[in-house]
2 protein chains.
Amino acid sequence: MPEAPPAVGLAAPAQPRATLADVGRLAGVSAKTVSRVVLGSSSVTPETRDRVLRAARTLRFRPNHLARDLRYGSVTNTVAFVIGDLTNPFYFAVAAGIERELARHGLLMILASTDDEPESEKRVVEALLQQRVRALLMVPIASDQSYLEGERQLGTPVVCIDRPATNLIADSVVLANSDGTAEAVRALIRLGHRRIAFVCSPAALFTHQERLRGYRQALREAGVTDTTRWERLEEAGGASAADSVRDLLAMADPPTAIVAGNNRASSGVLHALRESADDVAFIGFDDFELADAYGISVVAYDPAELGRTAAQLVVSRMDDLTGPPRHVEIPTRLIPRGSGERGAP
Amino acid sequence: MPEAPPAVGLAAPAQPRATLADVGRLAGVSAKTVSRVVLGSSSVTPETRDRVLRAARTLRFRPNHLARDLRYGSVTNTVAFVIGDLTNPFYFAVAAGIERELARHGLLMILASTDDEPESEKRVVEALLQQRVRALLMVPIASDQSYLEGERQLGTPVVCIDRPATNLIADSVVLANSDGTAEAVRALIRLGHRRIAFVCSPAALFTHQERLRGYRQALREAGVTDTTRWERLEEAGGASAADSVRDLLAMADPPTAIVAGNNRASSGVLHALRESADDVAFIGFDDFELADAYGISVVAYDPAELGRTAAQLVVSRMDDLTGPPRHVEIPTRLIPRGSGERGAP
DNA sequence: CGACTGTATGTCATCGTTGACATTAAAACA
DNA sequence: TGTTTTAATGTCAACGATGACATACAGTCG
């Protein structure tokens, strides 16, 4: 039985793609000489170079990077970025930062998504590694990344973004989550607030917990120890952020301020607050479009910087695989725009 | 003179990467047999298969896709998406749609940016073609794409997004720009508005003009022929959308309604309107986060659908390069949320 | 003038994988 | 038992580019 061609069909091109040999034939030289011209290296007569370049132009020659990379030990100039949820604008901004930084080093970015399914993470990553990506940038979503340990030993740098890896030695870049919420809460406390709620939509466990930790710590500093009443951490399928807020406002002693744990929560909270007559202070985590126009105070940061930093880490790792893993924290800053500057009643 | 290795250095991996031959050696079979096992094809004894799989696992073998693709005529499973400005969330949503659709066909997406510099478009595209991308998706930004004609003839499908290509036969997917603004303007006219302004920040010429065309046409239908007084089309470096609005409101007969030509303009207009006491109706083009929370009416569409459609086009083109170019229009829809439903004074 | 230097070019092998074809051995059959 | 069939595996070449090495020829020098 003859073995089948690859599954995906492709209409045969009108003319075959030119190779070094084709160009050489037309220019009356060997493929190697053409290669020399293309690489711009060693000695070639100006006349020969001219003839070769003309032939290359005629045949629309383009060096085959696949072949070149294979020759060079299958080291490509492509870096993969694996995201969970592509529709989250946060990741896009991160991707933008990555792409820009990689481009400065002549590297390309492959974008792949796991569709927020932890089980597909390994599958997606494996597929990318078969493509011989030079390095791996990822937002870990599975509960374990130990499956990458072998690849790491084989020399593929791995940098985790937004959350650290689990059971894998890898560099990581995360936000100063805890400091971010702590700063927001402290600002509210300075304004006299004590009943401060924390609302967070389903978020990755790590960022979720870190932001909650900062919230609790800042309140503890102010002498408020029992914060659980004001915490609304929604699990998938639970109440929405908007419902949580309605619920909070209906309490006997409703919160005078609300901190949202991520942009999805902000959206829900703002929806609910606009329906209500109460004058509740609000600070969100994550900036969003027109937040300034509407005077919404937020804990912001630069997602592009997250990406850029991750890309820098990965590039430096390509040159030096040795040394302990590095963990970088991207600072956040509180942007006061009014909604978070209302004093306690 | 010995020729230099490629510019980018890479620390040598601790252990070399296993090949089919390595696995074969360990399993006591030839590389070809291992290949058969990996491809899951033709006849291999269960015992041999077992031995091979065990050896592969031991050596952490991973098929080298570079070599495979080279063998198969350098046809990769990677599609490139070239964007001008990565920081525009619009493109991200498009990219998300593309990635998702391509993944359904086992294809990967490389994302590359031209940083909104028309001159770099050709350079970026050429670099991608050397990577032997299977197809090209792009938001054209240069004033001419004829440099791709040769590549098209060589069998690389090209699909343009958001704007058609210039001097190149290629499929394209664009928004129903003209219909979108026309619908918005007609809605305002029905509410009694006649003095309707159109504000647009620097935008790509094509979408810009199309949206303006729809605006003019709808007004002409209502008998308003001289619209230039209400048109504020900003060139790069000119007045901001916010300034334009202040300017408009200072007129003797200020507009009673404003339509924004894109999301950047919306942002500027809303900033200016919030400062002013006037009760001006407003409809934006492009939806944005929390627009619903703030009751902003917009002409919306699904950017992901744009991407998905483009990906579908490109996939179908891979199977059949013949046939005339296809031009798909993604419909828009007016989402009334209040700001655009204020009657004329 | 012959040995030597250096420049321009060519030949060959290789990167890892897989079709085409060859070979081996066991099973099936006359 | 000898011949044919079939399954399992191996050998080889090729995809395109490029290092290592070889060759050819012009120019230089003692």
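Because only heavy atoms are used, hydrogens play no part in the values below, and waters and symmetry mates are left out as well, while side chains stay in. Here is the naming used below: chain letters follow the sequence lines, and residue numbers restart at 1 for every chain.
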Trainee: Taking atom P of D:dC15 as reference, at what distance in whole Å does atom CG of A:Leu20 sit?
Mentor: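 Those two atoms, CG and P, are 13 Å apart.
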Trainee: Is there a side-chain polar atom (N or O) of A:Thr19 under 4.0 Å from OP1 or OP2 of D:dG16?
Mentor: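 No.
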Trainee: Check this one for me: any side-chain N or O of A:Ser43 less than 4.0 Å away from OP1 or OP2 of C:dT9?
Mentor: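 For C:dT9, neither OP1 nor OP2 has a side-chain N or O of A:Ser43 closer than 4.0 Å.
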Trainee: Report yes or no: do B:Arg163 and B:Ser172 form a side-chain donor-acceptor pair below 3.5 Å?
Mentor: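 Side-chain D/A pair, B:Arg163 to B:Ser172: absent.
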Trainee: D:dA17, C:dT17, D:dA8: which one has an atom nearest the side-chain heavy atoms of B:Pro63?
Mentor: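 From the listed options, C:dT17 comes nearest.
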Trainee: Looking at D:dG16, D:dT9, C:dT18, which one has an atom nearest to any side-chain atom of B:Thr48?
Mentor: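 The answer is D:dT9, which lies nearest to the side chain.
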Trainee: Atom CZ of B:Arg62 to atom P of C:dT17: distance rounded to whole Å?
Mentor: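 In whole Å, C:dT17 P and B:Arg62 CZ are 12 Å from each other.
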Trainee: On the nucleotide C:dT11, are OP1 or OP2 found under 4.0 Å from the side-chain N or O atoms that A:Ser30 carries?
Mentor: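 For C:dT11, OP1/OP2 do not have a side-chain N/O of A:Ser30 under 4.0 Å.
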Trainee: In this structure, how many angstroms lie between the P atom of D:dA20 and the NZ atom of A:Lys32, rounded?
Mentor: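 After rounding, the reported distance stands at 9 Å.
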Trainee: Hey, does the side chain of A:Thr45 come within less than 4.0 Å of C:dT7's phosphate (OP1/OP2), counting only N and O?
Mentor: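 Result: no.
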Trainee: Specify the separation, in whole Å, of atom CG of B:Asp50 and atom P of D:dA8.
Mentor: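 So the CG-P distance, B:Asp50 to D:dA8, works out to 15 Å.
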Trainee: Within the distance-only criterion (no hydrogens, no angle test), does the side chain of B:Ser113 pair as donor or acceptor with the backbone N or O of B:Asp85 below 3.5 angstrom?
Mentor: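 No, because the side chain of B:Ser113 does not come within donor-acceptor range (under 3.5 Å) of the backbone of B:Asp85.
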Trainee: How would you label the contact of A:Val38 with the nucleic acid (heavy atoms, under 4.0 Å): base, sugar-phosphate, or nothing?
Mentor: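 Result for A:Val38 = nothing.
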Trainee: For C:dG10 and A:Thr33 - does any side-chain N or O of the residue sit under 4.0 Å from the phosphate oxygens OP1/OP2?
Mentor: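 It does, given that an N or O in the side chain of A:Thr33 lies less than 4.0 Å from OP1 or OP2 of C:dG10.
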Trainee: Kindly say if B:Ser35 contacts the phosphate of C:dT17, meaning a side-chain N or O under 4.0 Å from OP1 or OP2.
Mentor: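 Checking C:dT17 against B:Ser35, no side-chain N or O comes under 4.0 Å of OP1 or OP2.
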Trainee: Base, sugar-phosphate alone, or nothing: which one does B:Val29 contact when heavy atoms must sit under 4.0 Å apart?
Mentor: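 Sugar-phosphate contact only - B:Val29 comes under 4.0 Å of backbone atoms but never of a base.
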Trainee: Considering only heavy atoms and no angle criterion, is a donor-acceptor pair shorter than 3.5 Å present between the side chain of A:Arg36 and the base of C:dG10?
Mentor: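 In this structure, the two groups form a donor-acceptor pair.
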Trainee: For residues A:Tyr147 and A:Glu121, is any side-chain donor paired with an opposing acceptor at under 3.5 Å?
Mentor: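 Yes, because at least one side-chain N or O of A:Tyr147 sits under 3.5 Å from a partner of the opposite role on A:Glu121.
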Trainee: Choose from D:dT18, C:dT7, C:dT18 the nucleotide whose nearest atom is closest to any side-chain atom of A:Ala31.
Mentor: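 In terms of side-chain proximity for A:Ala31, the closest of D:dT18, C:dT7, C:dT18 is D:dT18.
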Trainee: Just how far, in rounded Å, is C1' of C:dT14 from CG of B:Leu66?
Mentor: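 Result: 15 Å.
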Trainee: Given that B:Pro46 and B:Ser74 both sit by DNA chain D, which one's nearest nucleotide is further toward the 5' end?
Mentor: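 Between the two, 5'-proximity favours B:Pro46.
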Trainee: Just the rounded figure in Å: distance from C1' of C:dT9 to CZ of A:Arg51.
Mentor: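 Rounded to whole Å, this separation is 11 Å.
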Trainee: Is any side-chain N of the basic residue among A:Arg17 and B:Glu151 closer than 4.0 Å to the acidic one's carboxylate O?
Mentor: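 The answer is yes: the pair qualifies as a salt bridge.
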Trainee: Taking atom types as modelled, is there a side-chain donor on B:Ser74 or A:Asn64 under 3.5 Å from an acceptor on the other?
Mentor: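 Judged by distance alone, the side chains do pair up.
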Trainee: Measure from the side-chain N and O atoms of A:Ser146 to the backbone N and O of A:Leu168, and report whether any donor-acceptor pair falls under 3.5 Å.
Mentor: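 No.
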Trainee: Roughly, in whole Å, what's the span from OH in A:Tyr72 to P in D:dA20?
Mentor: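 It works out to 10 Å between those atoms.
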Trainee: Does B:Gly73 or A:Arg71 map to a spot on DNA chain D nearer the 5' end, using the closest nucleotide for each?
Mentor: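 Here B:Gly73 is the residue nearer the 5' end.
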Trainee: Rounded to whole Å, please give me the gap between CZ in B:Arg132 and C1' in D:dA17.
Mentor: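 The answer, rounded to whole Å, is 11 Å.
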